Visitor: 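Quick one: structure below, then a few questions.
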Amino acid sequence: MPGGRLSQQERQQIALGLTDSLPYAEIARRLDRPTSTITREVMRNGGPTAYRADLAHRATERRAHRRRPVSSRGSDPVPASNGRAAEAVAEYEETLTTVLMASGLPKMTARVLTCLFTTDAGSLTASALAQRLQVSPASISKAIAFLESQSLVRRERDERRRDRYVVDDELFYQATIASARSNDLLVATARQGVTILGPHTPAGDRLENIARFLDFISESITRAAEQARAVLHTPNPR
């Protein structure tokens, strides 16, 4: 069943698909599974280069064994805050964390960002993050430092003089601009290589093409971000 637990045979098919460099969506289509299920399975068990079906299957069995048994009283999902189903929220948080990891974030950083994204207040203290994720304050501090360096979170002081880490709509704009500007050093270094290697040599041509490409990308991203910024401050019609 598409919604059931992956079998060992399915995990072997996933491993074969990764060996053949198939995208997650194609592996999911062949197994009649959601793409998010395949992505989560692979990233939870070593990533696309280290995934092994037998190890993944044993790890899943160990995790299932460690889980506390669910109460048999009734079949309704356990409600979370604001009437949400706790199981559905936990599943979504795991999926979002996996997608963020696939985009390049370290696991703990992805977990912290997911926690902030899915909190209605949009902000939490370091101690609250550590408690919710059941990790050490040092792990939170390291993840926050990385997120701040990428302009993905903002630090504020609350009325009790505690640092709170905030995600809001404006940060998406700031992070996009920062990402575009991060190319500037590479562009300058590539053009330095053109001067040293010679503008009419194959190596010089290659570096100049890289610089022109990244220049164009940065300008396009910046222009699009400026045009779309208003969307972040327009009330959602829903």
Side-chain angles (χ1 to χ4, degrees), residues 1-120 132-135 143 147 150 152 167 169 172 175-176 179 224 228 231 236-238:
M1 294 292 291
R5 184 175 296 175
L6 287 168
S7 67
Q8 188 163 11
Q9 184 177 5
E10 285 178 310
R11 289 190 166 92
Q12 290 169 351
Q13 292 299 313
I14 291 172
L16 289 173
L18 294 173
T19 301
D20 292 338
S21 300
L22 295 179
Y24 294 152
E26 176 60 21
I27 297 174
R29 187 189 66 79
R30 295 185 180 190
L31 294 177
D32 192 24
R33 292 280 190 170
T35 302
S36 61
T37 297
I38 306 303
T39 304
R40 185 168 59 248
E41 166 70 14
V42 173
M43 296 306 297
R44 179 190 278 175
N45 294 287
T49 59
Y51 182 84
R52 284 184 54 185
D54 54 343
L55 295 180
H57 196 69
R58 286 201 294 271
T60 301
E61 289 180 337
R62 287 196 299 271
R63 284 194 294 267
H65 182 71
R66 288 199 301 265
R67 292 187 185 122
R68 291 180 296 180
V70 178
S71 173
S72 60
R73 291 181 299 170
S75 58
D76 292 337
V78 178
S81 60
N82 294 332
R84 298 161 179 151
E87 292 89 347
V89 172
E91 178 73 12
Y92 173 72
E93 288 175 345
E94 188 174 339
T95 297
L96 180 55
T97 297
T98 302
V99 171
L100 291 172
M101 289 169 60
S103 73
L105 289 182
K107 183 176 181 178
M108 181 52 60
T109 305
R111 291 185 69 200
V112 168
L113 192 56
T114 292
C115 198
L116 290 169
F117 277 158
T118 56
T119 301
D120 284 327
R132 286 170 67 107
L133 297 176
Q134 293 295 291
V135 296
L147 290 170
Q150 302 299 307
L152 290 171
V167 292
D169 293 340
F172 286 100
T176 301
S179 175
V231 173
N236 192 323
R238 290 178 299 175

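The figures that follow rest on heavy atoms only: side chains count, while hydrogens, waters and symmetry mates do not. In this text, all values refer to a predicted model and were calculated from it rather than measured experimentally.
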Visitor: At their closest point, which heavy atom of Ala175 faces which heavy atom of Gln150, and how far apart are they?
Guide: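 So the two residues come closest at CB-O, 3.8 Å.
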
Visitor: To the nearest 0.5 Å, what is the distance between CE on Met108 and CG on Leu147?
Guide: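 Answer rounded to 0.5 Å: 11.5 Å.
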
Visitor: Side-chain donor-acceptor pair under 3.5 Å between Arg40 and Thr95, yes or no?
Guide: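 Looking only at side-chain atoms, Thr95 and Arg40 do form a donor-acceptor pair, the distance falling under 3.5 Å.
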
Visitor: Measure from the side-chain N and O atoms of Arg11 to the backbone N and O of Leu6, and report whether any donor-acceptor pair falls under 3.5 Å.
Guide: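 Side chain of Arg11 to backbone of Leu6: a pair is present.
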
Visitor: To the nearest 0.5 Å, what is the distance between CD (Gln12) and CG (Asp54)?
Guide: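 Result: 8.5 Å between the selected atoms.
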
Visitor: Under 4.0 Å between a Lys/Arg side-chain N and an Asp/Glu carboxylate O for Glu41 and Arg33?
Guide: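 A salt bridge is absent here (no side-chain N lies under 4.0 Å from a carboxylate O).
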
Visitor: If you look at every heavy atom in Met43 and Pro48, which pair is closest and at what distance?
Guide: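 Minimum heavy-atom separation between Met43 and Pro48: SD-CD, 4.2 Å.
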
Visitor: Got Ser7 and Gln9 here, is their nearest side-chain heavy-atom distance under 4.5 Å?
Guide: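 Counting from C-beta outward, Ser7 and Gln9 do come under 4.5 Å.
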
Visitor: First locate atom CD of Glu26, then atom CG of Asp20, and finally report the distance between them rounded to the nearest 0.5 Å.
Guide: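 Rounded to the nearest 0.5 Å, the CD-CG separation comes out at 10.5 Å.
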
Visitor: Which residue in the set Thr19, Thr37, Val42 passes side-chain contact (heavy atoms from CB on, under 4.5 Å) when paired with Ile14?
Guide: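 In the set Thr19, Thr37, Val42, the residue that makes a side-chain contact (heavy atoms from CB on, under 4.5 Å) with Ile14 is Val42.
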
Visitor: Rounded to the nearest 0.5 Å, how far does OG1 of Thr35 lie from CD1 of Ile27?
Guide: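 Going from CD1 on Ile27 over to OG1 on Thr35, the span is 9.5 Å.
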
Visitor: Can you tell me if Thr39 and Thr98 form a side-chain donor-acceptor pair at under 3.5 Å?
Guide: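 Side-chain D/A pair, Thr39 to Thr98: absent.
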
Visitor: Given side chains that start at C-beta, do those of Val112 and Cys115 come closer than 4.5 Å, heavy atoms only?
Guide: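 Result no, sub-4.5 Å side-chain heavy-atom pair not found.
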
Visitor: Indicate yes or no for a side-chain donor-acceptor contact from Thr114 to the backbone of Ala110 under 3.5 Å, with no hydrogens or angles considered.
Guide: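 Yes; judged by distance alone, with no hydrogens or angles, the pair exists.
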
Visitor: With rounding to the nearest 0.5 angstrom, report the CG to NE2 distance, Asn45 to His57.
Guide: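 Those atoms lie 11.5 Å apart.
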
Visitor: Mind checking what makes side chain to side chain contact (heavy atoms under 4.5 Å, CB included) contact with Thr176, not counting sequence neighbours?
Guide: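 Thr176 satisfies side chain to side chain contact (heavy atoms under 4.5 Å, CB included) with Ile221, Ala225 once adjacent residues are dropped.
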
Visitor: Let me confirm one number: the CD-OG1 distance from Glu93 to Thr118, rounded to the nearest 0.5 Å.
Guide: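 Separation between the atoms: 4.0 Å.
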
Visitor: Would you say that Val135 contacts Arg111 through its side chain, given a criterion of any heavy-atom pair below 4.5 Å between the two side chains?
Guide: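 Yes, their side chains come closer than 4.5 Å.
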
Visitor: So which heavy atom on Val167 is nearest to which on Leu152, and how close?
Guide: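 Looking at all heavy atoms of both residues, the shortest contact is CG1-O, 3.6 Å.
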
Visitor: Counting C-beta onward and ignoring hydrogens, is there a side-chain heavy-atom pair between Tyr24 and Arg29 closer than 4.5 Å?
Guide: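 Contact flag for Tyr24/Arg29 side chains = no.
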
